[in-house]
Amino acid sequence: FNLIKFKKNKITVRKIKISKTKLKALENNFFLVYTENSRYASKIEKKKINNIKKNKKKYFEILKITNKALEIFENNKNIDNIGKLLNNYWELKKGLSNSVTDKKIDSIYNKGINSGALGGKLLGAGGGGFILFYCSKNKHKNFLRKMRNFYITKFNFTNECSAIIHSNWILKIMENVIITTTINIPKFLEGICKNLKKYNHRKDKNSIIVIGDLKTPKEALGYCNKL
């Protein structure tokens with residue numbers, strides 16, 4: 001992790017001193033939940049930029065949250081406090097633009113909190129994509145059980161920069177390729193298909209690859225064929 005400071009004529013980057021134990025705890029306690037919403041991030045960010053002066057106090061509050069997170073990372077403080085800070089950040093982020101959230105996103109977020117998450121935030125500009133939830137270890141089972149109707153994915157931190165992790169012929173002829181594994185009926189794909197249709201993506205330029213295993217029900221094949 002890096003701490004990046006922006007000044008008028010200078011940008012400084014400092015490596016954050018975080019222990020491997022804390023880093024692993026963060027990784028284990030984070031969950032990504034797909035909202036099934038897509039959005040034009042540039043339009044949302046443009047609204048935020050236009051409202052910068054009006055939201056000046058909110059940005060200073062966000063800066064305070066960032067400094068508190070840094071203190072947790074670099075000192076002997078409970079890592080679970082990151083979840084609470086995420087919740088505080090999300091409340092501020094929602095006020096930066098009326099396009100950041102909607103009733104559906106709020107509903108998913110509230111369900112995540114009621115399922116045991118300490119906090120979370122929508123990644124990126126807002127309006128759609130994934131919600132990042134922080135959930136203490138003792139709440140994992142409850143969270144996963146109550147949120148089972150949503151597409152949830154885990155991830156790992158890496159020190160590498162953005163890179164192509166897989167490349168073959170199908171990626172060369174397709175505009176969008178989604179590859180997912182499943183042991184259930186992958187109902188989250190329905191939302192993705194709706195968005196592809198909504199934004200006029202050509203059928204012959206998009207592909208969804210679903211990889212099942214012995215636990216995947218036979219109904220999953222029929223569901224995918226129907227989509």
Side-chain angles (χ1 to χ4, degrees), residues 1-35 39 41-42 44-49 51-53 55-97 100-101 105 109 112-113 116-140 143-144 152-167 179:
F1 291 171
N2 290 319
L3 175 67
I4 304 173
K5 290 187 177 182
F6 298 88
K7 297 181 180 180
K8 192 173 183 180
N9 298 311
K10 189 179 180 182
I11 297 175
T12 60
V13 180
R14 175 173 77 79
K15 191 173 180 65
I16 295 173
K17 297 174 183 177
I18 180 170
S19 68
K20 289 182 179 179
T21 303
K22 277 190 176 180
L23 201 59
K24 195 63 182 175
L26 271 180
E27 200 173 75
N28 291 337
N29 293 340
F30 275 147
F31 296 88
L32 286 173
V33 177
Y34 186 50
T35 64
R39 77 285 191 223
S42 58
I44 298 172
E45 289 299 342
K46 188 176 181 179
K47 287 184 179 180
K48 290 182 189 176
I49 291 169
N51 292 331
I52 278 182
K53 288 184 179 179
N55 292 325
K56 193 174 180 180
K57 286 184 178 180
K58 290 186 178 73
Y59 283 108
F60 275 111
E61 288 301 315
I62 289 172
L63 178 60
K64 288 179 183 177
I65 290 172
T66 303
N67 289 330
K68 286 179 181 178
L70 181 65
E71 194 177 337
I72 293 168
F73 289 151
E74 297 194 328
N75 294 287
N76 189 26
K77 295 197 174 184
N78 191 340
I79 197 68
D80 283 349
N81 287 325
I82 291 295
K84 297 170 185 176
L85 289 180
L86 279 173
N87 186 66
N88 295 341
Y89 173 82
W90 174 238
E91 291 302 320
L92 288 166
K93 183 174 179 175
K94 288 191 292 183
L96 300 179
S97 165
V100 168
T101 189
I105 292 169
Y109 185 85
I113 297 299
L118 286 173
K121 67 178 287 290
L122 202 62
L123 297 180
F130 285 85
I131 298 176
L132 175 72
F133 282 107
Y134 182 96
C135 191
S136 300
K137 187 178 179 180
N138 63 338
K139 298 288 185 180
H140 285 188
F143 180 84
L144 291 170
I152 302 174
T153 186
K154 293 292 292 175
F155 62 92
N156 299 107
F157 295 126
T158 177
N159 290 323
E160 301 296 325
C161 59
S162 298
I164 296 172
I165 60 172
H166 182 74
S167 178
I179 304 174

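It should be emphasised that the depicted structure is a prediction, and the values quoted were computed from it without experimental measurement.
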Rounding to 0.5 Å, atoms OG (Ser136) and CD1 (Ile79) come to a distance of 10.5 Å
Q) Any salt bridge between Glu61 and Lys58, counting N to O under 4.0 Å? A) no
- [ ] For salt bridge (Lys or Arg N to Asp or Glu O under 4.0 Å), just list the numbers for Glu74 and Arg14, CA-CA rounded to whole Å, side-chain angles, deciding distance to a tenth of an Å, and then say yes or no.
- [x] CA-CA 12 Å; Glu74 297 194 328; Arg14 175 173 77 79; 3.0 Å; yes
- Message: Please evaluate residues Asn156 and Glu27 with respect to the criterion side-chain contact (heavy atoms from CB on, under 4.5 Å), reporting the C-alpha separation (whole Å), side-chain torsions for both, the decisive distance (0.1 Å), and the verdict.
- Response: CA-CA 6 Å; Asn156 299 107; Glu27 200 173 75; 3.2 Å; yes
CG of Asn81 to NZ of Lys77, rounded to nearest 0.5 Å, is 8.0 Å
Original post:
Do the non-hydrogen side-chain atoms of Lys93 and Thr101 ever get within less than 4.5 Å of each other?
Top reply: no
Can you list the steps and then say if Ile131 with Leu32 is a side-chain contact (heavy atoms from CB on, under 4.5 Å)?
CA-CA 6 Å; Ile131 298 176; Leu32 286 173; over 6 Å; no
In sequence, state the C-alpha distance, the side-chain angles, and the governing distance for Asn55 and Leu92, and then conclude on side-chain contact (heavy atoms from CB on, under 4.5 Å). CA-CA 10 Å; Asn55 292 325; Leu92 288 166; over 6 Å; no
> Should Leu85 and Trp90 count as side-chain neighbours, where that means a heavy-atom distance under 4.5 Å?
Replying inline: no
message = Tell me whether the count of non-hydrogen atoms from other residues, nucleotides or ligands lying under 6.0 Å of NZ in Lys154 goes above 12.
response = yes
Backbone N/O of Gly129 and side chain of Thr35: donor-acceptor pair under 3.5 Å | yes
When rounded to the nearest 0.5 Å, the distance separating CG of Asn75 from NZ of Lys22 is 6.5 Å
Check your understanding: Tell me, do Leu122 and Phe130 make a side-chain contact under 4.5 Å, heavy atoms counted?
Key -> no
Might you confirm whether atom NZ of Lys139 has over 12 heavy atoms from other residues, nucleotides or ligands at distances under 6.0 Å? no
Q. Is the shortest heavy-atom distance from the side chain of Leu96 to the side chain of Ile62 under 4.5 Å?
A. yes
CZ of Phe73 to CG of Leu23, rounded to nearest 0.5 Å, is 8.5 Å
Ring centres of Phe30 and Phe133 under 6.0 Å apart? no
Geometric class of the Phe31/Phe143 ring pair [parallel <30°, tilted 30-60°, perpendicular >60°]: tilted
In terms of heavy-atom contacts, Cys135 and His140 come closest through O-NE2, 3.1 Å
message = So Tyr34 and Ile152, do their side chains get closer than 4.5 Å, heavy atoms only?
response = no
In this structure, CD1 of Ile65 is separated from CG of Leu70 (nearest 0.5 Å) by 14.0 Å
Looking at Lys68, I'd like to know if its NZ atom is crowded, meaning that more than 12 non-hydrogen atoms belonging to other residues, nucleotides or ligands lie closer than 6.0 Å.
no
In this structure, OH of Tyr59 is separated from CD1 of Ile52 (nearest 0.5 Å) by 5.0 Å
Flag side-chain contact, heavy atom, 4.5 Å: Asp80 against Asn29:
yes
For a 4.5 angstrom cut-off between non-hydrogen side-chain atoms, does Leu26 reach Ile18?
yes
Item to complete: Decide yes or no for Leu3 and Lys15: does some side-chain heavy atom of the first lie under 4.5 Å from some side-chain heavy atom of the second?
Response: no
